[in-house]
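Just the heavy atoms: all of them, side chains too, but no hydrogens, waters or symmetry mates, feed the values below. Letters A, B, ... mirror the listed sequences (proteins, then strands); counts begin at 1.
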Amino acid sequence: MGTGLEVAVLAVMWTAVTAYALLGGADFGAGIWDLLAGGRDRGAPRRALIEHSVGPVWEANHVWLIFVLVLLWTAFPAGFAAISSTLYIPLTLIALGMIARGSAFAFRKAIDQPWARRLFGAAFAFSSLVTPWFLGAAGGAVAAGRVPPGLARGDVLTSWLNPVSAVTGSFAVAACAFLAACYLTLDARRSGDDGLTAWFGRRAVASGLVVGACSAAGLAVLHGGAPLLYGRLTGRALPLVLTAVAGGLASLLLARLAARPDGGRRAARPDRGRPAGRAGGTRLAAVALRLTGAGAVAAALWAWGAAQYPYLLLPGLTVHAGAAPAAALTATLTCAAVGGALVIPALAWLLVLFQRSPGSARD
Amino acid sequence: MIVSALAGPLASGTTALTAAGGAADPVVARSQMGFSLGWHIVVACLGVGMPALVLFAEWRGQRTGDPSWQLLARRWARVMGVLFAVGAVSGTILSFEMGVLWSGLMDNYGAVIGLPFAIEGFAFFIEAIFLGIYLYGWDRLPPRAHLLAGVPIVIAGIASAFFVVSANAWMNAPRGYTVRHGRVVGVDPWAAIFNPATGPETTHMILSAFMVTGFAVASVYAVAMLRGRRDRYHRLGLLLPLTFAAAITPVQIVVGDWAARFIGADQPVKLAAAEGLARTTGHAPIEIGGIFAGGRLHGALTIPDGLSLLLRLNPAARVTGLNSVPPADRPVVPIVHLAFDTMVGIGFALLALGAWLAWSWWRRRDVPRSRWFLRAVAVSGVAAVTAMEAGWIVTEVGRQPWIVYHVLRVADAVNPAPGLAAGALPVIAVYAALTVATVYVLRRMARGAPVPAAPQEADVRQHSVI
Ligand code: HDD
Ligand code: HEM
Ligand code: HEM
């Protein structure tokens with residue numbers, strides 16, 4: 001062992017974690033905005049936009065999580081066993097939350113009675129809010145070094161019910177909401193509805209501020225609760241931390257720009273008396289907002305990864321010591337290369353197909 | 001499902017003897033695992049089988065322009081979309097449970113059985129991506145391209161079934177690893193995937209997914225026809241899936257025989273439990289039914305020399321009985337025997353149903369006129385699911401007390417964390433709600449005026465199935 005293979009697998013795994021956070025996380029966030037979309041009539045166009053954006057892609061986005069789990073147990077079985085045995089309570093709740101969310105979303109689409117639609121809608125929205133909290137709390141437990149190697153060696157409650165987990169859980173919820181608001185601002189812009197765009201744009205600003213507050217609180221609790229990680233976040237991982245901050249600040253600005261009213265349709269008709277450049281400008285801002293929002297969250301995740309490396313479980317298990325035998329790692333990498341070559345073009349086709357012609361948000 | 005939920009607690013007698021340390025409680029963990037697997041597998045079977053049916057119907061619809069085929073394709077596609085979502089989330093909890101419940105297994109052997117799951121992960125990607133394209137791209141793509149976009153779903157569904165069952169086959173016939181001082185130090189993942197049990201198990205399972213799908217879909221239309229709907233749409237909706245399933249049934253029985261011969265050689269105690277064979281003997285009979293109590297079978301219908309003949313083609317051949325291992329190493333015989341008889345009994349009953357259809361088709365180019373035929377088709381879906389669940393009980397309960405045959409005991413694999421048993425309660429509560437909601441939504445989709453999931457499905461409004 002110690003061949004570098006495990007680092008390669010780790011990199012693939014962390015890329016998959018990032019993909020799940022950016023794609024699956026945004027689907028959770030969309031559910032959160034579904035919850036907060038307002039009363040039945042006022043909320044209807046917002047919910048329709050959410051359903052329209054999430055519908056075709058959420059199952060594919062969800063598979064990233066499965067893939068992460070499977071990579072973890074194949075390449076780092078000791079880490080997987082330690083994490084899942086100590087954190088069995090939040091992990092079970094995550095799984096149950098995902099059941100409620102995914103099935104309720106599909107059921108709501110398939111059915112027409114108002115009461116049943118509302119019930120499923122509530123289950124979808126509520127579980128979208130709760131599930132990321134547990135995901136973040138479980139991540140916080142690992143980051144804070146509360147999951148020792150071995151089977152169920154950590155405390156099954158205090159490992160994830162502690163200040164660090166409380167903050168990382170809240171961070172996860174806020175980050176999901178932020179990502180979704182960033183993405184949906186562009187979808188709303190494409191649908192040509194100024195009011196809707198402004199609504200999501202304002203939400204992007206608000207949730208971005210909450211993410212910032214959670215990050216600051218996170219650094220503060222890590223300072224006390226996980227000094228090793230704190231030292232590295234402010235040390236070697238600092239460039240990534242700063243990138244995340246810059247991305248967040250840029251997003252706040254872009255969200256304000258993208259939310260300005262302007263109507264892409266009117267832009268085609270300059271006789272309406274608006275500066276024609278404005279339409280392109282707000283749209284460009286919405287596109288850039290997606291990139292900066294996603295970039296900020298990705299940078300935060302990689303900062304965590306960089307700070308924690310080379311530990312799989314702080315402070316008792318390194319990536320090298322926890323890695324599976326080399327043949328398993330090689331097979332996993334081969335599988336990831338071949339599978340990636342098949343899946344990535346298909347995934348790109350899916351995402352592009354449903355971006356190109358957004359249709360109406362109300363169909 | 002009820003049986004599999006009961007299997008755990010009943011099996012406790014044997015594992016209690018071997019439970020190490022006493023802190024760990026495999027009974028509840030086993031029940032939870034069996035319960036959630038037993039739930040997932042029903043939906044997963046439809047996930048493997050439905051895409052082929054939908055594509056066939058769509059293809060006929062495109063070729064002939066027949067509105068009945070087109071309508072069938074669209075309705076089945078909508079149901080498939082809902083079932084996929086339920087399958088995905090009910091499968092997700094299984095991935096968590098592998099660690100949450102069986103961390104002792106994953107800790108050491110995760111690397112050995114990880115690869116099939118990783119490959120399966122890519123199959124899931126393909127399924128989910130092309131399902132999104134297929135369902136939501138119905139009128140964004142030209143017809144031919146749309147049909148082609150469905151093909152990867154069929155292939156990936158079968159592939160995912162193959163790989164996950166190969167992981168289960170590994171638990172029955174573990175290969176491809178070396179152990180030193182109790183730890184796995186070397187892995188040959190391909191030898192683990194292609195272990196000797198993989199052939200019979202995966203073939204048997206994939207065929208049973210097709211049977212479950214075919215009979216289950218046909219039974220919906222049989223109910224509708226019993227209520228007087230005899231138009232072309234309903235006849236096609238019955239005939240296509242029924243013919244498909246009926247054609248597979250005889251093959252499945254041959255493959256079942258292969259599976260039985262395989263376990264006879266590889267896991268003789270499992271076969272002895274399935275057959276209720278108390279002691280090793282020549283001239284072993286086949287015993288059908290009966291109750292296994294006090295170490296032997298009472299009141300069974302006996303076919304003398306049957307088992308020896310079936311396994312070795314020799315009436316005098318010796319067959320290993322339960323007494324070849326100490327009582328602590330035996331599974332719970334009554335459950336395994338009952339499950340085995342149920343599976344085989346239903347297999348032959350479904351064969352008879354298919355023969356009835358074939359006979360009538362041969363004579364009159366039509367489905368049998370008798371209402372009894374429709375009634376039999378109406379229950380065939382439930383029967384096929386029952387056979388499939390029973391088969392899994394034979395496999396899983398029959399392997400006890402081993403989680404990895406002759407390598408790792410269940411009691412040593414369970415997560416030792418305190419309070420694990422209490423975790424099963426919310427899981428069962430959520431599954432109860434999920435079951436009610438799924439059944440409710442599927443019934444509404446079958447009978448109510450459906451809302452179109454995609455704009456092109458507006459025509460679906462005019463028809464309802466039951
Ligand atoms: C529609 C479903 C269905 C039907 C009609 C049958 N089976 Fe089956 N059987 C299954 C569905 C199934 C299954 C659920 O798919 C299992 C569980 C594990 C597996 O690989 O297949 C199974 C397992 C299973 C096993 C245990 C394999 C193992 O543990 O490795 C044996 C010995 C048989 N079957 C034998 C038969 C025979 C002799 C049948 C003759 C009628 C038969 N099955 C019909
Ligand atoms: C989907 C169909 C399946 C069903 C219905 C099923 C059913 C069951 C049942 C009833 C048990 C409990 C056994 C007992 O307590 O006596 C069990 C245990 C288990 N099954 Fe399966 N099983 C299925 C497929 C699989 C597959 C594909 C795997 C692959 C990895 C698997 C892995 C396990 C594990 C790890 C346990 C716990 C340990 C044990 O009791 O041996 N199962 N299953
Ligand atoms: C014999 C047993 C099994 C078969 C044939 C099977 C098959 C399938 C299929 C076809 C799907 C796609 C979704 C659908 O069709 O509804 C699916 C979903 C899933 N299954 Fe299973 N499965 C089995 C057992 C298991 C086991 C034991 C696990 C995990 C340990 C598992 C994990 C999953 C996961 C994670 C998904 C969701 C994938 C997604 O997000 O799309 N399955 N399964």
Are the side chains of B/Phe122 and A/Val63 in touch, meaning some heavy atoms are under 4.5 Å apart? no
Taking all heavy atoms of B/Leu115 and all of A/Thr74, pick out the closest pair and write down the distance. N-CG2, 4.0 Å
Answer with side chain, backbone, both or neither: which region of A/Trp64 has an atom nearer than 4.5 Å to a non-hydrogen atom of chain B? both
Under 4.5 Å to a heavy atom of chain A? For B/Pro189 that would be side chain
Counting only non-hydrogen atoms closer than 4.5 Å, does A/Val343 touch chain B with its backbone (N, CA, C, O), its side chain (CB onward), both, or neither? both
Counting heavy-atom pairs under 4.5 angstrom with chain B, the leader among A/Ala95, A/Ala60, A/Ser85 is A/Ser85
Which of B/Ala422, B/Gly121, B/Gly186 touches chain A most, by non-hydrogen pairs under 4.5 Å: B/Gly186
How about B/Leu434 and A/Ser103: do any of their side-chain heavy atoms sit closer than 4.5 Å? yes
Between OG1 of B/Thr92 and CD1 of A/Ile66, what distance do you get to the nearest 0.5 Å? 3.5 Å
Heavy-atom distance under 4.5 Å to chain A: side chain of B/Leu141, backbone, both or neither? side chain
Between B/Phe130 and A/Trp349, is any pair of side-chain heavy atoms under 4.5 Å apart? yes
Where do A/Trp73 and B/Ser95 come nearest, in terms of heavy atoms and distance? CZ3-O, 3.5 Å
Answer with side chain, backbone, both or neither: which region of B/Leu442 has an atom nearer than 4.5 Å to a non-hydrogen atom of chain A? neither
If you count heavy-atom pairs under 4.5 Å between each of A/Ala336, A/Ala82, A/Ala123, A/Ala100 and chain B, which one has the most? A/Ala336
Check each atom of A/Leu69 against the heavy atoms of chain B and say whether the ones under 4.5 Å are side chain, backbone, both or neither. side chain
Backbone N or O of A/Ala116 within a donor-acceptor pair of the B/Tyr440 side chain at under 3.5 Å? no
If you count heavy-atom pairs within less than 4.5 Å of chain B, which of A/Ala346, A/Ala104, A/Ala152, A/Ser84 leads? A/Ser84
Is chain A contacted by the side chain of B/Pro418, its backbone, both, or neither, given a heavy-atom distance below 4.5 Å? both
Side-chain touch A/Pro77/B/Asp107, heavy atoms, less than 4.5 angstrom: no
For B/Ile93 versus A/Leu96, what's the shortest heavy-atom pair and its separation? CD1-CD2, 3.8 Å
Chain A shares the most heavy-atom pairs under 4.5 Å, among B/Gly110, B/Ala433, B/Gly81, with B/Gly110
Relative to chain B, which of A/Ala328, A/Ala106, A/Ala75, A/Gly150 shows the most heavy atom pairs under 4.5 Å? A/Ala328
Could you look at A/Phe76 and say if it's the side chain, the backbone, both or neither that has a heavy atom under 4.5 Å from chain B? neither
Under the salt bridge (Lys or Arg N to Asp or Glu O under 4.0 Å) test, residues paired with A/Arg47 that sit two or more places apart: A/Asp34
If you take the centroid of each ring, where Trp contributes its six-membered ring, are A/Tyr88 and B/Phe96 closer together than 6.0 Å? no
For A/Ile89, which atoms come within 4.5 Å of any heavy atom of chain B: side chain, backbone, both, or neither? neither
With respect to chain B, which residue among A/Val156, A/Val338, A/Leu91 yields the maximal number of heavy-atom pairs within a distance under 4.5 Å? A/Leu91
Side chain, backbone, both or neither of A/Leu87 within contact of chain B (heavy atoms, under 4.5 Å): neither
If one checks every heavy atom of B/Tyr177 against chain A at 4.5 Å, the contacting part turns out to be neither
Walk me through it: do A/Phe80 and B/Ser103 pass the test side chain to side chain contact (heavy atoms under 4.5 Å, CB included)? CA-CA 8 Å; A/Phe80 176 73; B/Ser103 33; over 6 Å; no
Is it the side chain or the backbone of B/Val441 that comes within 4.5 Å of chain A heavy atoms, both, or neither? both
Heavy-atom pair of closest approach, residues B/Ala88 and A/Glu59: CB-OE1, 3.9 Å
